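Bear in mind that the values here come from a model prediction, so they are computed numbers and not experimental data. Below, chain A is the first sequence line, B the second, and so on; all start at residue 1.
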Amino acid sequence: MSKYIVSAGYDKNQNSVFLKVYDEPTQKLEEWYDFNYRSYCLTDNLDSFREIKVTEVTTVAKYDALHDNTIDLYKGTFGNSLDIKKTSFKDENFDEVMPKFWENQLKIQMSYIYDKDTKMGMPYDYQDCPHIDNDVEARTTKLLELFTEKSITKDLIRLFEYPAPNYKRASLDIEVLNEEKKIPRPEVANFPVICVCIKTLEGRRIAFVLKQPNKEFEKYPDVDELYIFTDEKDMLLALFKFIQEFPFLITFNGDGFDLMYLRNRAYRFGIQNEYIPFNISGISMYMRSTIHIDLYRFFQINAIRNYAFQGKYKDVSLDVLSKLFLKQGKLNEDKHSVGDMDYCTLINYCMRDAELTLGLTTFDDNLVMNLMTAISRISRLPIEECTRKAVGRWIASFLFYQHRQLNYLIPNPSDILEMKGHVATKAMIKGKQYEGAMVIKPKSGTPFGVQDVDCGSLYPSVIKFYNIGYATVNCPHEECKSNTFAELPHWICKKHQALESIFIGSLRDLRLGWYKKHSKDKNLTPSEKSWYKCIEQVIKVFMNASYGVFATVGGFAFGCPPVSEEIAGIGRYIIQTTAKHALEMGILVLYGDTDSLFLKEPNKEKIIELQKWVMDTYKIDLELDKEYRFMCFSSRKKNYIGVQLNGDVDIKGMTGKKSHTPIYFKNSFNEIKSILKNIQKEDEMPDAKIKIKKIALKAYKDLKERKWNNIEDLAFHMTVNKKLSDYGKKTSRTRKDGTPIYAAIPQHIRAVRLLEKEGYAMEAGSIISFVKTRNEEKVLPIELAHNQDIDVDKYIKFLDSMLGQILDPLELEMDEILGHTKLDRFC
DNA sequence: GCGGACTGCTTACCT
DNA sequence: ACAGGTAAGCAGTCCGCG
């Protein structure tokens, strides 16, 4: 039983950094102070400190990786750690050279963590003394034998092998008595809080209820503890005291709503700061003696959405997520009527949300909590930070730590960009920075016997084997300038290894060499299995993001576009030369995208030979990912159907599968899909084509005759991605006469506007359902549409286009199916 | 006045 | 504040067209 460091902060009253520590035996949070640590920053000019009060100036030698030399810098220490903020001034009137500082942007507690090697999320016996478990250490030593790079790898293995605690926690949800059609605004908090429900990990259900003067309790609600108040202020005070007992408080949108509302409501009652447990920082709500986790923020992080959960959810809402992960949604009560509910209904409704919120942290053996712990361990960020900051910040934090450990100077972002901010290639897409991945155009047809081979972790492998990092790309050495690849204009350092290359290389090796297989080991207990699955996913997140972050200038502390450009360029080179070699071996390459090749090659030995060539040439594992009975390629890229040997059907990029496509078309598409699924051999194709023609014809005829089950089957569903006021802005173009051209208002936004006229509210992120009609706007939101409004011709065009993607490979044509001759078209 | 070439905007998807 | 590449639909301009 240990203590786990979970967070860190700075106490300005005591001018001290402190750590928040979870004590496993008592399940309480402790604080560890370090009164001796002070913030500091570096400069090359003593004059820089003239206007800023530092208590001590010393000289330090730092290794400057950008210039590959060790330099002496002045280190100014601040008596009051907050004074470091004064180095970030912007003074236009500064009449001399602007003072230049390094490492003055780090938060004080983060600087402390990096300097002291504080192991976030890891077990400790007591302050400054990490817990050592002999079994885990032995396991770590044994595992380490599998790998060549030892230093970072050993630290990483420890992070993955020490167990993660199951933090004691409770979830909270509030209900506010709003007037009809008025959405309660947390910054105003003018409506009373009438119900607060809390669900604890052990299963306690607790309700705080404000009794209305005109409403009596009908019966005792289904809770374990019920606190009834007639005075709202008393309720808030009792609630604040109550929730601080929990080391972790979980909310869904507590940052944006619940906690913000409670705080501002408390201010309205004149409750003093010392009794309000919430601190606001930016758009986040932190608690002093509790860790507040807002799941809404966490699930919104793109890396979590796309890699950890494979993009299974699109919009982040409690209802969507709980249906997906808990197979249970919110209760079907109209949100506008909480005032009309009796107490039991109100509490049930509120409690359900609290339960779902907690449930999102417990499903799959606490997967979500484990993800947070694992991210925190690698990045060294406090758990609250990694649930609120995107993947670029996780990676940057890890690199900050490595810089401090190795006594590297942390460069200012502008230092990197001034030296190597320029890219050399031209992107295919207007507005993009550089040339990215390559896609091989497929030939239209239905080839049988297709193997899909993928370069395992192509970009991370490139980073590792080609030594890519901000310091090694276009390094300052004359003798490295010849070290170029694939006709790319950048050269790579031959003298030093990039930190990024070591780090991503270690993660890559650990995943490919151990955790990918180990997480599927049958001897693991369910909770071990869940933990290792989580580890594998988190490694994947760090690896996959590590290529893109370098191209996010302004968003990533080590931003350096040539790094991403070089990785993509070498990736192109590897896949291109592999395709070429396959061709030379007589293997037909049907299609390829970024790191994959689709090969028509029934001879397994030839595939193995190709794999060997890739391994020998590039040290990359060309994995056989999938085997298809046959595939349907139109000549479109990123668009195909593949029927696997086991009958599973992969559909990529096709309109019939896209989320915005009306059900009516999806139904026809799925019928065609099941025909294809049943095809075993090539000679069954003609028969299948006849069936497919019939499906196409029926879909067409039914539309023509205005036969559909329900108008909702014809609804398109589109996300409103921007604020409504951001549509229809000036474009980059002007007319010949010089007047500006404004962007057109898209159809789906016109539908939103029509809906808003009727009093519905729509905001960025919501999905609008609409049908195509013949009125002036050419659309109607589904709520306002009737069968007679439908513009059938538009739907026929859509059907034609959607089916084209599947009819092309089958060498069928819509006109022919409909019995049209070419002439008919013009009649 | 209308159709085609072209551009830009938007969404959804692929790796 | 990870990236670029592709498909598709829509709406607008510009130009030709006796």
Side-chain angles (χ1 to χ4, degrees), chain A residues 301-303 305-307 311 314 389-396 423 425-442 452 454-455 457-459 541-559 561 563-565 567-569 571-572 575 591-597 625 634-640 650-655 657-661 716-722 726-737 739-750 767-768 772 778-779 794 797-798 800-802 804-805:
Chain A
I301 297 171
N302 275 327
R305 190 188 320 220
N306 296 329
Y307 297 124
K314 218 169 74 171
K389 298 277 172 2
V391 62
R393 305 289 281 270
W394 310 344
I395 296 173
V423 291
T425 55
K426 209 171 154 288
M428 313 292 283
I429 309 165
K430 223 180 199 177
K432 300 286 184 184
Q433 304 180 78
Y434 60 89
E435 186 181 351
M438 187 196 57
V439 189
I440 299 170
K441 191 174 174 179
D452 167 19
D454 289 31
C455 289
S457 301
L458 178 63
Y459 288 176
V541 170
F542 273 86
M543 274 172 35
N544 287 339
S546 62
Y547 146 72
V549 287
F550 284 96
T552 9
V553 173
F556 180 56
F558 300 90
V563 164
S564 301
E565 185 186 28
I567 297 166
R572 272 196 315 272
I575 203 72
Y591 173 64
D593 185 348
T594 311
D595 61 354
S596 70
L597 294 173
D625 192 22
S634 65
S635 53
R636 298 162 182 84
K637 296 171 174 179
K638 299 183 189 281
N639 200 286
Y640 62 79
D650 288 346
I651 300 167
K652 300 289 178 184
M654 306 201 86
T655 302
K657 208 192 74 170
K658 289 196 176 186
S659 60
H660 74 279
T661 301
F716 290 85
H717 313 279
M718 278 194 161
T719 312
V720 179
N721 276 337
K722 306 197 289 189
D726 285 346
Y727 290 94
K729 294 222 157 161
K730 260 186 204 171
T731 66
S732 53
R733 287 196 311 162
T734 54
R735 289 187 195 81
K736 274 202 111 182
D737 62 14
T739 54
I741 298 173
Y742 288 84
I745 305 295
Q747 280 194 339
H748 68 295
I749 300 305
R750 293 204 302 273
I767 293 169
I768 172 81
K772 304 199 183 200
K778 299 186 193 168
V779 286
K794 290 273 171 48
K797 267 201 181 130
F798 190 88
D800 196 42
S801 163
M802 177 189 85
Q805 296 175 344

Subject >> Heavy-atom protein contacts under 4.0 Å, nucleotides 8-15 of chain B, coded B base, S sugar-phosphate only, - none >> reply: SSSSBSBS
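- Comparing the end axes of the helix from B:dG1-C:dC17 to B:dT15-C:dA3, each fitted to five base pairs by superposing C1' atoms of four pairs onto the next four, gives an inter-axis angle of 20° (nearest 10 degrees).
- The distance from atom CD1 of A:I395 to atom C1' of C:dA3 is 12 Å, rounded to the nearest whole Å.
- Listed pair A:Q433 / C:dG4 meets the phosphate criterion, a side-chain N or O lying under 4.0 Å from OP1 or OP2.
- Atom pair A:N306:CG and C:dA1:C1' shows a separation of 14 Å (rounding to whole Å applied).
- C:dA11 atom C1' lies 11 Å from atom CD1 of A:I745, rounded to whole Å.
- In this structure, the CD1 atom of A:I301 is 8 Å from the P atom of C:dA1, given to the nearest Å.
- Listed nucleotides C:dG5, C:dT13, C:dA8 differ in distance to A:S801; the shortest reach to its side chain belongs to C:dA8.
- Looking at residues two or more places apart in sequence or on another chain, you find no salt bridge (charged side-chain N to carboxylate O under 4.0 Å, His left out) involving A:R305.
- Considering only residues two or more places apart in sequence or on other chains, A:S596 meets the side-chain contact (heavy atoms from CB on, under 4.5 Å) condition with A:D452, A:D454, A:D593, A:F598.
- At distances below 3.5 Å, not a single donor-acceptor pair connects side-chain atoms of A:T594 with backbone N or O atoms of A:A437.
- No engagement by A:Y742 is indicated, since no non-hydrogen atom pair under 4.0 Å with the nucleic acid exists.
- Heavy atoms of A:I429 sit under 4.0 angstrom from at least one base atom.
- With respect to A:F550, the ring pair (Phe, Tyr, Trp, His ring centres under 6.0 Å) criterion is satisfied by exactly one of A:Y459, A:Y434, A:F556: A:F556.
- Note on A:R750: a side-chain N or O is less than 4.0 Å away from OP1 or OP2 of C:dA11.
- Without hydrogens or angle criteria, A:Q433 side chain to A:V423 main chain gives no donor-acceptor distance under 3.5 Å.
- Along DNA chain C, the nucleotide nearest A:F798 and the nucleotide nearest A:R735 are compared for position; the residue whose nucleotide lies closer to the 5' end is A:F798.
- Across all strands, A:G555 comes closer than 4.0 Å to base atoms (heavy-atom distances).
- Among residues two or more places apart in sequence or in another chain, the side-chain contact (heavy atoms from CB on, under 4.5 Å) test is passed with A:Q805 by A:R636, A:N639, A:M654, A:T655.
- The interatomic distance linking A:E435 (CD) with C:dG4 (P) rounds to 12 Å, in whole Å.
- Shown here are the side-chain contact (heavy atoms from CB on, under 4.5 Å) partners of A:I429, two or more places apart in sequence or in another chain: A:K432.
- In this structure, A:K772 reaches the sugar-phosphate backbone alone: every heavy-atom distance under 4.0 Å involves primed, P, OP1 or OP2 atoms, never a base.
- A:T552 comes within 4.0 angstrom of sugar-phosphate atoms only, judged by non-hydrogen atoms across all strands, and of no base.
- Side-chain atoms of A:D737 and A:T739 form a donor-acceptor pair, as typed in the model, at a separation below 3.5 Å.
- With hydrogens and angles disregarded, a donor-acceptor distance shorter than 3.5 Å links the side chain of A:Y591 to the backbone of A:K638.
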